[in-house]
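To keep things clear, I will list the structure first and then write my remarks on it.
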There are 2 protein chains.
Amino acid sequence: MTTNNNNTLVIIGGDAAGMSAASKVRREQPDRKIIVFEKSAYTSYSACGIPYFISETVKTIDELVVRSPETFRDKYNIDVRTMHLVLEADTNNKRIRVLDKEKNEEFWQGYDQLLIATGGKPYCPDVDGHDAVNAFGISTLKSGINIENFIEKKEPKSAVIIGGGYIGLEMAEALLIRGLKVTIVNRSKQVMNTLDPDMGAIISEAMRNLGVTLYCEEELKSFEMDGKTIKAVVTDKQTIPTDMVVFGMGTSPNTAFLAGSGIELGIMNAIKVNGQMQTNVKDVWAAGDCTETLHLISHKHVYIALGTIANKTGVAAGSSIAGEKVVFPGVVGTGVCKICSYEVARTGLLEKDLKDLEIEYITGTIKSKTRAHYYPNAKSITVKLLAEKNSGRLLGGQIIGEEGAAKRIDVLATALTHNLTLQNIIDLDLSYAPPFSPVWDPVQTAARKLINDI
Amino acid sequence: MTTNNNNTLVIIGGDAAGMSAASKVRREQPDRKIIVFEKSAYTSYSACGIPYFISETVKTIDELVVRSPETFRDKYNIDVRTMHLVLEADTNNKRIRVLDKEKNEEFWQGYDQLLIATGGKPYCPDVDGHDAVNAFGISTLKSGINIENFIEKKEPKSAVIIGGGYIGLEMAEALLIRGLKVTIVNRSKQVMNTLDPDMGAIISEAMRNLGVTLYCEEELKSFEMDGKTIKAVVTDKQTIPTDMVVFGMGTSPNTAFLAGSGIELGIMNAIKVNGQMQTNVKDVWAAGDCTETLHLISHKHVYIALGTIANKTGVAAGSSIAGEKVVFPGVVGTGVCKICSYEVARTGLLEKDLKDLEIEYITGTIKSKTRAHYYPNAKSITVKLLAEKNSGRLLGGQIIGEEGAAKRIDVLATALTHNLTLQNIIDLDLSYAPPFSPVWDPVQTAARKLINDI
């Protein structure tokens, strides 16, 4: 499978997935015509960095930009057109309808090959007032700038965050640092429902200790408005006055514009793709936060919006478009976040996933230290493992701790991907010296405890 | 294979391997008679912590003791006899000759099963004066106390360290912290010959920047003595006056007492064992720093004295002695150390190993950051990978960096053990958030660079 260097590749979306693909194609096909339509003024930025911009840990928004549109144009000969929003894909005629937001003009752009990398947007509840001037989601750099400007100009004293996932918690930390009184409204029993509830409970308590007011098992019902401004959040249990609202209820894919395109959507309306990142429509690829992903442990398709996956699937799409053999295998659901001094990481399946899949499992949790017990700054670390009942095959891991704890999840992610058992983990020749670990790494201590239950 | 609960297990050596085994047997066989002979006054201590005791990072020697002889006696019913040195093993008559160092009396002790866990000792050059009052090796807690007492009482102003391996470098750091002028005499071109020379060069430079005087490609020839005190170190190139000498030339196994026992020794006179930690002699096991180990990548036996291996082989020996099915598979040569702000880690094979084995390989080195480029305290990290020429199978990895760099070696150690390729490493779903990593973890960035050379 080789492609004609002269035909036109059109990419919709100029962030991680789109520009990783564009760069990969450019490396393999120096003369290929590549046009990128990006709805914002930025390319290749780190949306993950926005909470750190809000907290002023990162001083300027420009620091979050990896490569500018100018760099792509001048250095890579990629025709990046910012402030261009794609409204429709007409796959029968191999063309897309584009809005030039600055000129406010629409036009049709033809393509020979198309990559959809439109990313995700903050999930927004279907409640009147969700588009209020003091309601914010976190997605594009623009959304970060909007929050920053609002805080600077309006000097809000309080914020309610709807949803206690990692974006919600990172934003809670950022707003605490900015001196706001922060309340989180969380639907489930504990925050971080990407963890099992027993591990989530540790984070719920930590958030309360940080000074956050946390309401769990409570749901947004409506907003009390004053014109276009939210004055209070109304839940099923109470009314919470607030100066601003942040949505941390997760991400959903930007795929509404594909209605009628014939491109098949899957879970949560994310685009269905194969291992070459091809959609069901010929000459149309998709990558990043607008696509669904295969979970290698559950063997089910999932929707996970993460920068790592966007980069990897972008490169895979670029390789495939350039005619290379490539397979993006999927993910094991690894994630990590930092909330003040707490590090939280997870990989694989949760107890609820295993129950849904009717997989018999065992689970165990240990507490250990990040360094030798006698070495200064040995920090606490809690490791929970889940393994298959009879085989002892690892199925999931969760880590909560302080400095030096979370990155240990990578060993578990590697183990999961390659079907290692608890015994395999115990047998691993992991690194040890007093400044780095107890003599048994905490992930091995967890495996040692659990193996007796197989 | 089951054992009689009533017969006597004798263990020689009361540190990591011996006491891990004793504890494991005790768990499985609550009534088993277990006698441990330990030549020092301590059990289960962390010799790895000695440099941090010397630097006064760890305040008291007792902090390095995990479990005391009293605890083993009272809580675990293990008959630990400290200050008992074993002089001879008479395997034909299933007995050992023991010196009670306090009473200065010898006796024969019979055994039904024997575990040899006598550990290692600092390799000591065959040079007159190596046993001078101001010459020190690092092995037992006593050796640490000896150095500490010497520094306190004699107030040395200068030290020469013979050998630039990790113990030599850790001791260099400790003595710098104590205010001594430190010189390292190193035989090879760079320090840390557990790294490839190009990576070792980074550490050589770092040591010089820390204020160490480093002489490479220089060898100890003799000592200038004043009675029992070394006054100067004489190398093949110069004479270096000094107040004290530290040997950091590696470790050798404590197996001299086995002469005539019929127990087979292997590389560097370390005891040969199978996967059940059995020696060639019936009813005799061995574990820890007195044994050789199978290297899972080279498939050759190696001698590596490390606390992790001692613990693991101790547990394996205990399991086997208690009649459980067990296999200790071997190691991949993972190691890590911290020298001031530098973290150094390695796993697998070096270029020189691959040349010796006549394996065609490719290698590449990248520089990256430990966190997102815009996140505060993003530190430098250098990753070198070695992979098989055609298959792309990982063969080794080396990491040098600052805070947060070294523990990433564990992903490479896991990958090595399970024969992963560079593509497998790229495909891993490793954790990412700005405080923890760039979006491509540095080990993946290294794999991405190298894969183009396959």
Side-chain angles (χ1 to χ4, degrees), chain A residues 16 46 48-49 52 57-58 63-64 66 166 170 296 306-312 328-338 343 345 347 372-376 404 406-411 413-418 420 424 426-437 439-441 448, chain B residues 16 46 48-49 52 57-58 63-64 66 166 170 296 306-312 315 328-338 343 345 347 372-376 404 406-411 413-418 420 424 426-437 439-441:
Chain A
S46 171
C48 320
Y52 309 104
T57 307
V58 173
E63 292 177 53
L64 301 185
V66 181
Y166 70 96
E170 286 172 355
L296 294 170
L306 268 185
T308 45
I309 305 174
N311 272 275
K312 280 180 199 152
F328 176 71
V331 301
V332 294
T334 310
V336 65
C337 73
K338 183 170 180 297
E343 300 185 357
T347 191
H373 68 277
Y374 53 82
Y375 197 88
K407 256 292 184 182
R408 290 167 205 257
I409 203 74
D410 288 349
V411 168
T414 307
L416 270 175
T417 307
H418 293 278
L420 304 197
N424 292 148
I426 294 168
D427 288 340
L428 287 173
D429 188 11
L430 301 184
S431 58
Y432 159 67
F436 300 102
S437 180
V439 69
W440 289 95
D441 191 277
R448 291 182 77 200
Chain B
S46 172
C48 321
Y52 309 103
T57 307
V58 173
E63 291 176 53
L64 302 185
V66 181
Y166 70 96
E170 286 172 354
L296 294 170
L306 269 185
T308 44
I309 305 174
N311 272 275
K312 280 181 200 153
V315 172
F328 175 72
V331 301
V332 294
T334 311
V336 64
C337 73
K338 182 171 181 297
E343 301 185 356
T347 191
H373 68 277
Y374 54 81
Y375 197 86
K407 256 293 183 180
R408 290 166 205 257
I409 202 75
D410 288 349
V411 167
T414 307
L416 270 175
T417 307
H418 293 277
L420 304 198
N424 292 148
I426 293 168
D427 288 340
L428 287 173
D429 188 11
L430 301 183
S431 59
Y432 159 66
F436 299 102
S437 180
V439 69
W440 289 96
D441 191 276

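Computation of the quantities below employed the complete heavy-atom set of this structure, encompassing side-chain atoms and omitting hydrogens, waters and symmetry-equivalent molecules. Below, chains carry the letters A, B, ... as their sequence lines are ordered, and counting in each starts from 1.
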>> Working to the nearest 0.5 angstrom, can you tell me the gap between B:F436 CZ and A:I409 CD1?
In response: 11.0 Å
>> Please classify the contact between A:T417 and chain B as side chain, backbone, both or neither, with a heavy-atom cut-off of under 4.5 Å.
In response: side chain
> Which pair of heavy atoms, one from B:L430 and one from A:K312, lies closest together, and at what distance?
Replying inline: N-NZ, 4.2 Å
>> Give me the atom names and distance for the closest heavy-atom approach of A:Y432 to B:T308.
In response: CB-CG2, 3.1 Å
Taking the side chain as every heavy atom from C-beta outward, state whether [X] and [Y] have any pair of such atoms under 4.5 Å apart.
X      : Y      : answer
B:T57  : A:P376 : yes
B:W440 : A:N311 : yes
B:T414 : A:L420 : yes
B:V315 : A:I426 : no

Let's test your reading of the structure: which of [options] forms the most heavy-atom pairs below 4.5 Å with chain A?
options                : answer
B:E170, B:K338, B:H373 : B:K338
B:A413, B:P435, B:G330 : B:P435
B:L296, B:D410, B:N424 : B:D410

>> Run the salt bridge (Lys or Arg N to Asp or Glu O under 4.0 Å) test against A:D441 and tell me which residues pass, sequence neighbours left out.
In response: A:R408, B:K407
> Within the side chain of B:H418, is there an N or O that forms a donor-acceptor pair under 3.5 Å with the backbone of A:A415?
Replying inline: no
> Hey, is the main chain of A:D429 close enough, under 3.5 Å, to the side chain of B:T334 for a donor-acceptor pair?
Replying inline: yes
> Using non-hydrogen atoms only, which part of B:Y52 is less than 4.5 Å away from chain A: side chain, backbone, both, or neither?
Replying inline: side chain
> Non-hydrogen atoms of chain A under 4.5 Å away: do they reach the side chain of B:C337, the backbone, both or neither?
Replying inline: backbone
>> Please identify, among A:G49, A:S46, A:S431, the residue contributing the most non-hydrogen atom pairs under 4.5 Å to chain B.
In response: A:S431
>> Between A:G307, A:C48, A:A433, who has the most heavy-atom pairs with chain B when the cutoff is under 4.5 Å?
In response: A:C48
